[in-house]
> 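The structure under discussion is supplied below as structure tokens; questions concerning it will follow.
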Amino acid sequence: MPDSTPTPLDPQIQAVLEDLAATPAPAPNTLTVAENRAAGRAFASFAGDVVPVREVRDTTFRNGDHDVPVRVYTPLTLAAGAPAPVTVFLHGGGWVFGDLDSQDHYARVVATRSRTVVVSVDYRLAPEHRFPGAVEDAYAALRWVERDARALGVDPGRIALFGESAGGNLAAVTAQEAKRRGGPAVAFQALAYPATDRFDDGASMYDNAAGPLLTRPWLEWFWGAYLNTPDEGADPRVSPLRADDLTGLPAAFVVTAGLDPLRDQGVRYVEALRAAGVPVTHRAVEGVPHAFLSFTRDVRVARDVLNETGDAIGAAFACGRGADATRGTAGRRRRAPFRPRPPGRSRPRRSR
């Protein structure tokens, strides 16, 4: 088990938290769904400058009796010509909030760094659509990308999954569902501080019960909104760590946050994947809370780790580029990180 000794809070994270605390607010687990959604939308202001991409296109696909909105990002860094690799992105927000706008910067940065087309999925949210609504939309998005690959200009044989927080849970589950249902083939999964076990009772659930940011009471609030009954937490589509067999899953890049209640279950998922023979890179980030990747405007480690996530996805596909494969990540031309806007500068309008 990881060392539970408290680590100092990153100074830049501390400054962001002080900024948030300057406006007193009730504990989020006491707020309504609508109030939590409004608070979640406010987090987008911490993203920083909009990273330019070649094209952003909104569309939908049909899943059963409803349409699922998606946003397709084509980066400037993607060479024209052959069909591109593609990353299916599942946003965070505790299965309750989040949309195509709330984590737009994740999609833009990862598209640019990975040199993949990114398809961001606006899956159904709880409590209006409880489990397994989000799971079914996430898996349907994966199938849609494979089925409509030609129209999207992507290679159906080179698909990655990327998810953050609840989206990390959905990405892990979708990788397992693809294996269980016989496809589509997933080449790589990137999971940022994912929820992997509803019944986790590890040390980090106590050490970080009061946050910062994600608290244990708020986590329980999310679970209560997402699940129909408590016993659904044992379902591997809710708790991917509880799956009987993890062999044959795609290679993974997993980010855990040292001050996150979910830290230890993320670590245990890394260990379980490795025990099943799955190659895993574990990026353990100390001194940061859950959702720290939201703070790319002001926090250097948030920018660095989001860049690294995109690079990891790109490296997974670089291995299949013939002569370029021998160069690996070290042989590629280094890309400059995106720059945050100075404090106090207004957020530029998102280009489409």
Side-chain angles (χ1 to χ4, degrees), residues 63 68 70 85-92 95 106-107 110 114 116-121 123 131-147 149 154-198 226 234-256 262 265-283 309-310 312-317 319-320:
N63 181 26
V68 179
V70 294
V86 57
T87 301
V88 177
F89 172 53
L90 301 161
H91 66 75
W95 309 279
Y106 287 74
V110 167
S114 66
T116 69
V117 171
V118 168
V119 176
S120 182
V121 183
Y123 56 85
F131 172 79
V135 172
E136 292 300 330
D137 282 355
Y139 178 69
L142 179 65
R143 293 191 62 188
W144 174 75
V145 165
E146 182 190 52
R147 183 178 66 247
V154 302
D155 182 350
R158 293 193 292 167
I159 303 175
L161 291 164
F162 168 45
E164 187 258 2
S165 187
N169 167 273
L170 293 173
V173 168
T174 301
Q176 292 188 12
E177 286 294 283
K179 174 193 166 187
R180 184 177 70 84
R181 301 191 197 190
V186 176
F188 193 75
Q189 55 182 322
L191 315 175
Y193 32 84
T196 65
D197 185 1
R198 166 64 184 102
Y226 182 48
D235 190 318
R237 295 174 299 164
V238 172
S239 300
L241 184 57
R242 291 178 174 263
D244 292 333
D245 181 12
L246 300 180
T247 60
L249 289 174
F253 180 86
V254 181
V255 176
T256 57
L262 301 181
Q265 58 187 270
V267 172
R268 286 199 299 276
Y269 198 57
V270 166
E271 294 169 346
L273 288 170
R274 285 175 174 163
V278 177
V280 183
T281 298
H282 178 203
R283 180 64 162 94
T309 303
I313 295 170
F317 292 123
C319 293

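Counting begins at 1 with the first residue of the sequence. Given the structure is predicted, the values throughout are model-derived calculations rather than measurements.
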> Write down the atom of P194, the atom of V254, and the distance for their closest heavy-atom approach.
CD-CG1, 4.3 Å
> What pairs meet the ring-ring contact (aromatic ring centres under 6.0 Å, His included) rule with one or both residues in residues 165-189, with sequence neighbours excluded?
none
> Taking all non-hydrogen atoms of both residues, which atom of S114 and which atom of T87 are closest, and how far apart?
OG-OG1, 4.4 Å
> Let's go through E177 and R180 carefully: what are the C-alpha distance in whole Å and the side-chain angles of both, what is the deciding distance for salt bridge (charged side-chain N to carboxylate O under 4.0 Å, His left out) to 0.1 Å, and is it a yes or a no?
CA-CA 5 Å; E177 286 294 283; R180 184 177 70 84; 2.7 Å; yes
> Once you round to the nearest 0.5 Å, how far does CG of L142 lie from CG of L170?
12.5 Å
> Output the distance between atom CD (Q189) and atom CG (L273), rounded to the nearest 0.5 Å.
6.0 Å
> Check S165 against G92 and note the closest heavy-atom contact, atom names and distance.
CB-CA, 4.2 Å
> My understanding is that only residues two or more places apart in sequence, or in another chain, count here; which of them pass ring-ring contact (aromatic ring centres under 6.0 Å, His included) with Y193?
H290, F292
> Taking side-chain contact (heavy atoms from CB on, under 4.5 Å) as the test, write out the residues that go with R274, two or more places apart.
V270, V280, H282
> Are any of the side-chain heavy atoms of H91 and V121 separated by less than 4.5 Å?
no
> Checking the side chain of D137 only, and the main-chain atoms of Y123 only, is there a donor and an acceptor separated by less than 3.5 Å?
no
> Would you check if I313 and F253 make a side-chain contact, meaning some heavy-atom pair closer than 4.5 Å?
no
> I need the full list of salt bridge (Lys or Arg N to Asp or Glu O under 4.0 Å) pairs touching residues 182-197, with sequence neighbours left out, sorted by first then second residue.
D197-R242
> Taking atom CZ as the centre, does R283 end up with more than 12 heavy-atom neighbours from other residues, nucleotides or ligands that are less than 6.0 angstrom away?
yes
> Sequence neighbours excluded, which residues qualify as side-chain hydrogen bond (donor to acceptor under 3.5 Å, both in side chains) partners of Y139?
none
> Which heavy atom in P240 sits nearest to a heavy atom in N169, and how many Å separate them?
CD-ND2, 3.6 Å
> Listed by chain and number, what are the side-chain hydrogen bond (donor to acceptor under 3.5 Å, both in side chains) partners of E136, not counting sequence neighbours?
R181
> Search all heavy atoms of L191 against all heavy atoms of A172 and return the closest pair with its distance.
CD2-N, 3.7 Å
> Side-chain contact test, heavy atoms from C-beta onward, threshold under 4.5 Å: evaluate it for V68 versus W144 and give yes or no.
no
> Is the shortest side-chain heavy-atom distance between D235 and F131 below 4.5 Å?
yes
> Looking at every non-hydrogen atom in both residues, tell me the closest pair between G266 and T196 and how far apart they are.
N-OG1, 4.2 Å
> Report yes if some heavy atom in the side chain of V186 is under 4.5 Å from a heavy atom in the side chain of K179; otherwise report no.
no
